[in-house]
Structures are given as C-alpha cells and as structure tokens.
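As the structure is a computational prediction, the values presented were derived from the model and not from experiment. In listed order, ligands and their atoms are each counted from 1.
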Amino acid sequence: ETLDKGLEKTQRGLFDRISHAIAGKSTVDDDVLDNLEEVFVTSDVGVDTTLRIIDRLQARVAKDKYVGASELNRLLCEEISEMLAENGETSSLDDFSLPEGNRPHVIMVVGVNGVGKTTTIGKMAAQFKRAGNKVVLGAADTFRAAAIEQLEEWGRRADVPVVKQKLGADPASVAFDTLQSAIANNADVVIIDTAGRLHNKKGLMDELTKVRNVMQKLIPDAPHEVLLVLDGSTGQNAFEQARQFVAATQVNELAITKLDGTAKGGVVIGISDQFKIPVKYIGLGEKIDDLQVFDKRAFVESLFG
Ligand code: GDP
C-alpha cells in the first residue's frame, strides 16, 4: 500500500495514457505500438529501453492479434519485470537483513548533492538497526557543513553513531576512522556518505578511488556495495549523473528517490536497463519509513497492474 501510494502520480500518468493509447483498438497494430512508444519515452523510460520493451512486446504478440487491455497490461508487466531481472540481482535480500559473510559489511554511498543521499542513508540505518544490526555511519562528505550536520541528525533519529571529522577533512581519512571504529565496536554494517560534488570526472574518480583504497587497508574487499543515489524526479539529469558515476567508480546498485513527487517513475526502468545495474531501494517520501527494498514485480504491477 505504501508502494501504491508513493507511485500514485506515476501510476495515474501511465495508466491513463496507456488506456488512451489502446482506446478503441481491437488489435495490437502499429498505431498501438507507436502510441505505447510515445507514452514510455515521455515517462522517462528512455528511448533505448522503450524500443526494447516494444520489441519484446511485439515478439509476444503476433501483429494485429486481438489483445484486450488487461492482457496487454499483463504482458507489459511480464516483459518489463523480466527485463529488470536481466540487469542483475542486488547483493542483499528482499528485506533489510544483510548478506551472509563479511562483518562489518561496508556500503559506500555516492551521488550528487540534493538527490536525497543523506536521507537515504538515514532511512537505511534505521531499517538495518531495526532488523537487529549494529550500524555505524561515516560522514565522508566533508565538503559541506550541512552534509555532516544532516547525517548527524539522521544518526540521532535512527539512534546509530556517526563518525566525523571537521569540515574540509580528508574524506578518505574519515572513511578509515569509520571502519576502524566499526571494527572496534563489532558493527555489522557501515554506511559511508561521500562527497556529492560533481567536479570534473577525474576529480570525482580520484576522490572515490582514494576512499576505496584507504578502506581496503582495513578490510581488503571493502566496499562490499557501492550504492548510487539518483533523484527519480529529475529525468534526464539522473541518466547523466549515472553516466558520470559509472565512469568514475564501480557502482553495484541504485537507489532512486523522490518517486512520490513525480509522474515519471518510468526512470527506474530506464536507468536500470541502460546501465545494467539493479535497483536496490526506492524512496517514496521524506520520512524514516519511506524507503523500500525494490521489488521489481511489485513495482511493475503497481504501475501497470
Ligand atoms: P543530499 O544532499 O543528497 O544528501 O540530499 P538530502 O538527503 O538532504 O535530501 C534533499 C531533500 O530531498 C530533502 O528535503 C529530503 O527530505 C528530500 N527527499 C529525500 N528523499 C526523498 C523521497 O524519497 N521523497 C521525497 N518527497 N523527498 C525526499
């Protein structure tokens, strides 16, 4: 129900427009396919992914065959969920429990300022803690005072410790301290916030590489997850940010935020498909519980079902 409520705007947009695209049609003809193409492209699914969806749909439905609206929706659900599955699985389970193995489990979070990075980290911390884990946060976005303060605020809300240094400190040094503290305190999971400046590509790459290398002095296979946070309401900007971060560091999974505020939730499908990176979390509001582990099937069903 939270999912349906959070996706209400996208749902309404897509559903109405799909109904419109097939209104009065008795078969799936070129007109229907063209109309669907238009609906997806303008819902920020992206051109390449839209064409893949249309191709898959065409392969499923013989041209000019009669398909009722509900069957068309069902076929779209199936094809899109399958397509999302082909982008790989995230490392952890469908709730906020952690994968077996490494402790502390280290998650490095990247993304530009304003996308909801701190909020997402705060929500994750609260959920991991609720699932019985010992959590430590690291304030390695040392460039903005507000970033450190906000992370501390979320740390208080989630009731988990935050390791920080002063404004302008070396992010890699903060990451090192955080891991050291997590190891000393037998923490289960560490979440490291990183600087959200999109300076030039080399600057970003150097900074993230340095943070990574320093962490590996303490935990050779850290970080176990690199989570890129993108604002789902920014459409093409989100694609562009994904391009830059994927070029700068190894990104394993995505968090797409602010889906409650947009009718263009199709971006979730497009970005994951374009970059072949699975979506792990979706943000559906500003409150501590408004983060969900992404369930492809439920998501797609909520949109088309
Ligand atoms: P950061 O600069 O990337 O760390 O961004 P913040 O975490 O400070 O978030 C920026 C703004 O977006 C804040 O006002 C958050 O409350 C808001 N925000 C974050 N995630 C969501 C979401 O899923 N839905 C909505 N509606 N707002 C969000």
Side-chain angles (χ1 to χ4, degrees), residues 1-13 44 96 107-128 137-158 160 162-164 167 171 174-175 178 191-199 204 207-208 211 226-235 237-238 240-242 244-245 248-249 251 253-268 271-272 279-295 298-299 302-303:
E1 24 4 301
T2 327
L3 183 64
D4 278 335
K5 196 170 177 319
L7 295 176
E8 212 173 328
K9 289 187 182 159
T10 299
Q11 235 170 22
R12 217 179 306 138
D44 276 351
F96 283 90
I107 305 173
M108 178 165 105
V109 183
V110 302
V112 307
N113 295 333
V115 294
K117 195 156 45 90
T118 316
T119 305
T120 301
I121 293 172
K123 292 168 175 174
M124 288 165 67
Q127 300 275 10
F128 280 128
L137 303 182
D141 180 353
T142 59
F143 191 66
R144 290 180 310 157
I148 302 174
E149 284 158 20
Q150 270 172 36
L151 196 71
E152 288 188 294
E153 178 55 36
W154 275 107
R156 275 190 289 276
R157 262 182 237 168
V160 305
V162 177
V163 174
K164 63 163 188 175
L167 187 64
V174 178
T178 309
I191 310 175
I192 305 278
D193 190 12
T194 61
R197 278 170 300 161
L198 251 194
H199 28 41
L204 180 69
E207 187 161 309
L208 294 176
V211 170
V226 179
L227 177 72
L228 171 61
V229 182
L230 298 168
D231 176 343
S233 66
T234 62
N237 271 337
E240 184 48 37
Q241 287 166 20
Q244 303 206 32
F245 277 93
T249 192
V251 175
E253 53 209 11
L254 306 172
I256 313 229
T257 63
K258 307 190 196 183
L259 291 173
D260 52 308
T262 179
K264 296 193 164 191
V267 74
V268 171
I271 291 198
S272 176
V279 177
K280 176 149 183 194
Y281 302 112
I282 52 175
L284 299 166
E286 296 187 272
K287 293 194 298 294
I288 205 158
D289 287 324
D290 295 333
L291 184 76
Q292 291 199 354
V293 174
F294 183 64
D295 174 340
F299 178 81
S302 171
L303 293 190

Are any side-chain N or O atoms of [X] and backbone N or O atoms of [Y], one a donor and one an acceptor, separated by less than 3.5 Å?
X: Gln11; Y: Ser302; result: yes
X: Thr10; Y: Gly265; result: yes
X: Thr234; Y: Asp231; result: yes

Applying a heavy-atom cut-off of 4.0 Å, say which part of [X] lies close to ligand 1: side chain, backbone, both or neither.
X: Thr118; answer: both
X: Lys287; answer: neither
X: Val229; answer: neither
X: Leu291; answer: neither
X: Lys123; answer: side chain

Report, in ascending order of atom number, the atoms of ligand 1 lying under 4.0 Å from any heavy atom of [X].
X: Leu284; result: 23 (O)
X: Arg144; result: 2 (O)
X: Gln150; result: 8 (O)
X: Val112; result: 3 (O)
X: Glu286; result: 14 (O), 15 (C), 16 (O), 17 (C), 25 (C), 26 (N), 27 (N), 28 (C)
X: Lys117; result: 1 (P), 3 (O), 4 (O), 5 (O), 7 (O)
X: Gly114; result: 1 (P), 2 (O), 3 (O), 5 (O), 10 (C)

Quiz prompt | Taking atom 11 (C) of ligand 1 as the reference point, the nearest protein heavy atom with its distance | solution = Lys258 NZ, 4.0 Å

Quiz item: To the nearest 0.1 Å, how far is atom 6 (P) of ligand 1 from its closest protein heavy atom, and which atom is that?
Solution: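 Ranking protein heavy atoms by distance from atom 6 (P) of ligand 1, first comes Thr119 OG1, 3.5 Å.
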
Quiz item: Would you say Asn113 contacts ligand 1, with heavy atoms under 4.0 Å as the rule?
Solution: yes

Quiz prompt | Within-shell test, Gly261 vs ligand 1, heavy atom, strictly < 4.0 Å | solution =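 Contact check Gly261 vs ligand 1: negative.
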
Self-check item: From the candidates Gly285, Gly116, Ala146, Gly283, the one that places a heavy atom nearest atom 21 (C) of ligand 1
Solution: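 Heavy atom nearest to atom 21 (C) of ligand 1 belongs to Gly285.
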
Exercise. Answer yes or no: is there an ion pair linking Arg157 with Glu153, defined by an N-O contact shorter than 4.0 Å?
Key: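 So Arg157 pairs with Glu153 through a salt bridge.
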
Table please: side-chain donor-acceptor pairs of residues 110-119 below 3.5 Å, with sequence neighbours left out.
residue: Asn113; atom: OD1; partner: Arg144; partner atom: NH2; Å: 3.3
residue: Lys117; atom: NZ; partner: Asp193; partner atom: OD1; Å: 2.9
residue: Lys117; atom: NZ; partner: Thr194; partner atom: O; Å: 2.5

Quiz prompt | Plane angle bin for Phe96 and Phe128 - parallel if under 30°, tilted between 30 and 60°, otherwise perpendicular | solution =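 Rings of Phe128 and Phe96: perpendicular, over 60°.
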
Practice problem: Please name all residues satisfying side-chain hydrogen bond (donor to acceptor under 3.5 Å, both in side chains) with Lys123, sequence neighbours left out, ordered by chain then number. | Solution: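 Lys123: no side-chain hydrogen bond (donor to acceptor under 3.5 Å, both in side chains) contacts found.
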
